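Please read all numbers here as calculations on a predicted model, not as lab measurements.
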Amino acid sequence: MNWKQTLATALVRHEWLGRPIKGALRSRAVTQLPIYQKWVMNAAAKRTAALPSTKPWVLIETMLTCNARCKMCLHSERDMRGEMSMELYEKIIREVAEWGIDTVSLSVYGEPFADKHWLRRVEIARQYGLNYEVVTNGSLLRPEVLERMFELGGWKKVIFSVNGFSTEAYEEMMPPLKRDKVYANVDMFLEMKRASGAELPEAQISCVITNINAHERHDFEKYWNAKPGVSKVLIADCGDWLGELPTAELTVKGSSPKHVADGGWLAPCPSPWEQLTILYDGRVLPCCEDEAARSLVIGDTNFSTVQEIFYGEPMNRLREAHLQNQRCSHEVCGKCKVNPPWLK
C-alpha cells in the first residue's frame, strides 16, 4: 500500500471525518464518474490477484432462533428458528483454525446467548486457539456465563444491539424485550469487565435508526458515548434485507445515503473477496445483506471444507460477475443498493 492509499484509508476510518467522506463517495455524482468507476474496478481486480493469500472474515451462525422480534429484523415478520449441531460446529471451527484464521464471529441472525450449548461452543473455539466476537441483544446475559467467558479468554469484541433510548422507543423497536433489564445487563457486563482488569472484549453499542427512535438519536449517542467501557457507538439506517422486510413505515425520509437510486452504478461489493457467512444448517453465503433471504448459497459445509467453498467455482463466478461490472443485473446482488465507497 502506497502513501496515498494509506492516507485515504486513514481518512475513511476516522471517527468523524469518515462519515462525510464515505457519503460523498457513495453519492450519485461521484459513482457515475468514469474515473471513479475505473478506480474501483481496478481495486477489485487487485483483490482477485491477492486471493491465494486471502483469509476471509468468517461468521458462524450457532443459533438462528431469537427471543426478540425487532422491527428492523425479519424475525418480526416470520418464524425463523434453527441451531447448529455441535458436530458441524466443531468441524467448521477445526477447518477455520487449520486454515490459519485467528478470529471468527459467533453470531449471524439469531441471539447467541439463547443457545444452551453456548459456553461449550466458546470452549471449543478456544481449544482450537480461535478468538471470537459476538453480537447480542443483551437480554439473556447471566453473570456466571460472563465470568466463564472472561476466564476462557479470546473474547475480542461484543456489539450490543440496543435500538432505543427511552423505554417507549426501545420496547416498540425490540419487543418483547424490556429496556431497563437490557440496560442493566449491559452495565453488569461493563462492571464485570472493569473488575476483571481485562482490556478485552471491546464493547460497542449499535442502533438502527427508524422513525420510532430517530428523535432520540442525540440522547442515545450522548448516553452511550459517556459510558465508561464503551469504545464506540454504531449508528445505521434501516435496510430492507434485499426486499424481504417492508420498511416504508420505518424508514426516516432522506436517511439512507448509502443507497443509490434505481439505475445508478453499483460498485463491486467487497464481500465475495473478504467474507463467508455460515448458516446454522451449514449452507454458506458470501454476504451479510442476504442473511434474511438466504438466497445466494455458494456452498455447504456439510459436504465441503470452508476453504474449498471460499475458493470454489460458485464464489469465483460471483466475483467474476462483479469484476465484469454485472452487479446491477445480478438476480441477488442487483437488489442490494449498498454502494461501498471503495475496496480497501
Side-chain angles (χ1 to χ4, degrees), residues 23 26-28 59 61 63-82 107-111 114 135-139 159-179 182 205-217 220 234-264 266 269 271 275 277 279-281 283 285-297 327-340:
R26 289 170 174 144
S27 69
R28 193 180 183 92
L59 300 93
E61 185 175 71
M63 176 69 71
L64 172 60
T65 306
C66 188
N67 63 325
R69 297 294 177 265
C70 301
K71 296 290 187 180
M72 69 291 182
C73 177
L74 210 64
H75 278 286
S76 65
E77 295 287 317
R78 64 179 69 151
D79 187 17
M80 303 179 74
R81 303 183 193 185
S107 47
V108 174
Y109 210 71
E111 172 49 47
V135 180
T136 173
N137 61 41
S139 66
I159 301 176
F160 292 103
S161 181
V162 183
N163 297 282
F165 182 64
S166 67
T167 298
E168 293 75 17
Y170 177 91
E171 294 183 3
E172 185 176 353
M173 280 290 295
M174 302 185 72
L177 306 187
K178 299 302 179 184
R179 185 265 191 197
V182 169
I205 307 293
S206 74
C207 180
V208 175
I209 295 298
T210 71
N211 60 13
I212 297 170
N213 58 17
H215 66 284
E216 57 185 36
R217 172 175 176 168
F220 181 94
L234 308 169
I235 302 295
D237 297 315
C238 186
D240 66 357
W241 296 103
L242 301 185
E244 294 292 303
L245 183 70
T247 58
E249 296 182 2
L250 292 175
T251 304
V252 178
K253 186 177 181 180
S255 68
S256 301
K258 69 180 180 180
H259 289 64
V260 297
D262 289 342
L266 286 172
C269 176
S271 291
Q275 180 175 308
T277 295
L279 304 177
Y280 78 95
D281 57 7
R283 294 177 298 156
L285 309 174
C287 169
C288 58
E289 290 291 319
D290 192 34
E291 289 170 0
R294 303 174 176 232
S295 55
L296 188 54
V297 176
R327 180 182 162 192
C328 283
S329 59
H330 191 277
E331 60 181 356
V332 176
C333 300
K335 297 177 184 177
C336 174
K337 303 306 179 184
V338 177
N339 220 9

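- Side-chain contact between Y170 and N163 is absent, with no heavy-atom pair separated by less than 4.5 Å.
- Atoms SG and CD, from C287 and Q275 in turn, are 6.5 Å apart once rounded to the nearest 0.5 Å.
- Considering every non-hydrogen atom in both R81 and L64, the closest pair reads O-CD2, 3.5 Å.
- M173 is not listed as a side-chain neighbour of C70, based on a closest heavy-atom distance of 4.5 Å or more.
- Side-chain contact between Y109 and C73 is present, with at least one heavy-atom pair separated by less than 4.5 Å.
- Remark: Y280 engages no residue in a ring-ring contact (aromatic ring centres under 6.0 Å, His included) (not counting sequence neighbours).
- A 4.5 Å side-chain heavy-atom check between D237 and V208 finds every atom pair outside the cut-off.
- P286 approaches S271 most closely through the heavy-atom pair O-CB, 3.1 Å.
- Summarising the geometry of S295 relative to V332, their closest heavy-atom pair is OG-CG2, 3.7 Å, with the distance given to 0.1 Å.
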Original post:
When you look at C336 and R327, which way does the side chain to side chain contact (heavy atoms under 4.5 Å, CB included) test go after all the steps?
Top reply: CA-CA 9 Å; C336 174; R327 180 182 162 192; 3.6 Å; yes
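- Between L266 and C333 there is no side-chain heavy-atom pair separated by less than 4.5 Å.
- Shown here for A68 and P176, the closest heavy-atom pair between the two residues is CA-CD, 4.1 Å.
- Exactly one residue among H215, E172, E216, E171 makes a side-chain hydrogen bond (donor to acceptor under 3.5 Å, both in side chains) with S166. That residue is E216.
- In this structure, V162 and C207 have side chains that are not in contact, with every pair of non-hydrogen atoms separated by 4.5 Å or more.
- A salt bridge links E244 and R78; the closest N-O separation between the charged side-chain nitrogens and carboxylate oxygens is under 4.0 Å.
- Once rounded to the nearest 0.5 Å, the distance linking CG of D79 with CG of L74 reads 11.0 Å.
- In this structure N67 satisfies the side-chain contact (heavy atoms from CB on, under 4.5 Å) test together with E111, N137, S139, L140, L177, sequence neighbours excluded.
- With T277 as the partner, the side chain to side chain contact (heavy atoms under 4.5 Å, CB included) test is satisfied by one option alone out of E289, R294, E291: E291.
- Between I235 atom CD1 and I209 atom CD1 the span is 5.0 Å, to the nearest 0.5 Å.
- No side-chain heavy atom of T210 sits under 4.5 Å from any side-chain heavy atom of T251.
- Here the shortest heavy-atom pairing between S161 and S206 reads CA-OG, 3.4 Å.
- When atom types are taken as modelled, the side chain of W241 and the backbone of M72 share a donor-acceptor pair closer than 3.5 angstrom.
- Minimum heavy-atom separation, A214 to V252: CB-CG2, 3.8 Å.
- Sorted by first and then second residue, the salt bridge (Lys or Arg N to Asp or Glu O under 4.0 Å) pairs involving residues 63-77 (not counting sequence neighbours) form an empty list.
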Subject >> Worked check of side chain to side chain contact (heavy atoms under 4.5 Å, CB included) between V135 and F160 >> reply: CA-CA 6 Å; V135 180; F160 292 103; over 6 Å; no
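- The CG atom of L59 sits 10.0 Å away from atom CG of L285, with the distance rounded to the nearest 0.5 Å.
- One finds the CG atom of D290 at 9.0 Å from the NZ atom of K335 (value rounded to the nearest 0.5 Å).
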